[in-house]
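All heavy atoms count here, side chains included; hydrogens, waters and symmetry mates do not. Residue numbers start at 1 and run along the sequence shown. Everything numeric in this text was worked out from a predicted model, so none of it was measured.
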Amino acid sequence: MTGTTDPTDPAPTAERRRTARVRWAAGAAVALALLFAGAAAVAAAREDGPAPRAAGAPAPDSADAGFARDMAVHHQQAVEMSFIVRDRTEDEDVRRLAYDIANTQANQRGMLLGWLDLWGLPKVAGGDRPPMAWMGGGAGDGGHEHGGHHPGGGSDGVLMAGMASRAELERLARLDGKQAEVFYLQLMTDHHKGGVAMAEACASRCAVPVEQRLARGMVEGQQSELGLMRDMLTERKARPRS
């Protein structure tokens with residue numbers, strides 16, 4: 001009968017999957033281009049030596065510089081987790097969320113690294129200053145008061161609050177279907193909580209207006225995604241880990 005779709009016909013599902021793959025391929029190209037651009041900037045800086053510090057630029061140990069460095073690392077892992085889950089599930093809602101997170105955070109990471117270049121500041125903090133030390137209040141020790149499941153401190157690759165460990169990334173890469181979806185949503189929930197705490201700290205501590213605006217935008221965007229991920233976990237009869 002014309003105008004009626006057979007629910008048993010695999011064609012619509014196959015077409016949706018093809019569309020999802022095309023969308024991910026385009027998004028992957030954008031995200032990878034941004035990541036490679038950041039890597040190229042770092043490599044160029046190393047080859048040419050440290051750029052002279054720009055007049056009026058933030059100090060190397062300022063909140064502005066610390067946030068740019070730390071959030072760039074934090075975002076890189078979110079992009080990595082999103083690419084992992086893309087290959088572990090066919091669920092369109094999870095893949096769409098992962099696509100949005102990968103593109104948004106790859107773009108923001110490029111901005112943060114670009115500012116460090118503009119300011120003539122190194123991408124890595126010197127001396128013995130740990131990640132998040134710019135936040136004050138023991139943040140460099142990765143205290144739980146800053147959100148996220150992990151305390152940070154470098155244990156198994158966990159550099160900052162909310163970041164997943166190497167073992168957790170390996171586990172995500174082994175899971176499939178609903179199990180991969182739930183674990184990704186739980187990991188990304190922890191990740192966003194840590195990211196929101198960092199962005200809130202920059203919004204109150206950073207001195208560069210454009211960076212403050214970016215930080216406030218991160219808080220708003222990631223809090224919205226936290227609500228979405230909570231609902232998605234509920235649909236899968238699961239809940240956040242923290």
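In this structure, the side-chain contact (heavy atoms from CB on, under 4.5 Å) partners of Leu228, at least two apart in sequence or on a different chain, are Leu97, Met232. Every side chain to side chain donor-acceptor pair (under 3.5 Å) that Glu225 has, sequence neighbours left out, goes to His192. Applying the salt bridge (charged side-chain N to carboxylate O under 4.0 Å, His left out) criterion to Asp93, with sequence neighbours excluded, gives Arg96.
You'll find the side chain of Leu113 reaches within 4.5 Å of the side chain of Lys123, heavy atoms only.
Judged by a 6.0 Å distance limit and a 45° cone about the ring axis, Arg86 is not positioned over the six-membered ring of Tyr99.
Here the straight-line distance linking atom CE of Met188 with atom CG of Leu233 works out to 12.0 Å at 0.5 Å rounding.
Looking at Thr104, its side chain never comes within 3.5 Å of a backbone N or O of Ile101 through a donor-acceptor pair. Checking side-chain atoms of Glu168 against main-chain N and O of Leu187 turns up no donor-acceptor pair under 3.5 Å. Remark: side-chain polar atoms of Glu220 are not paired, donor with acceptor, to backbone N or O of Gly217 under 3.5 angstrom.
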For a quick test of your reading: what N or O donor-acceptor pairs under 3.5 Å do the side chains of residues 55-75 make, sequence neighbours left out?
unit_1, atom_1, unit_2, atom_2, d
Ser62, OG, Ala59, O, 2.7
Ser62, OG, Ala65, N, 3.2
Asp64, OD1, Ala207, N, 3.0
Asp64, OD2, Ala207, N, 3.0
Asp64, OD2, Val208, N, 2.9
Arg69, NE, Pro122, O, 2.9
Arg69, NH1, Pro60, O, 2.9
Arg69, NH2, Pro60, O, 3.1
Asp70, OD2, Met132, N, 2.6
Asp70, OD2, Trp134, NE1, 2.9
His74, NE2, Ala161, O, 3.0
His75, ND1, Gln105, OE1, 2.8
His75, NE2, Gln108, OE1, 2.7

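Under a 4.0 Å N-O distance rule, the pair Lys193/Glu200 does not qualify as a salt bridge.
The list of disulfide bond (SG atoms under 2.5 Å apart) pairs with a residue in residues 202-242, not counting sequence neighbours, reads Cys202-Cys206. Within the structure, salt bridge (charged side-chain N to carboxylate O under 4.0 Å, His left out) pairs that include any residue of residues 172-181 comprise Arg88-Asp176, Glu181-Arg236 (at least two apart or interchain).
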- Can Val210 and Trp115 be said to form a side-chain contact (heavy atoms from CB on, under 4.5 Å), step by step? CA-CA 10 Å; Val210 67; Trp115 285 336; 3.8 Å; yes
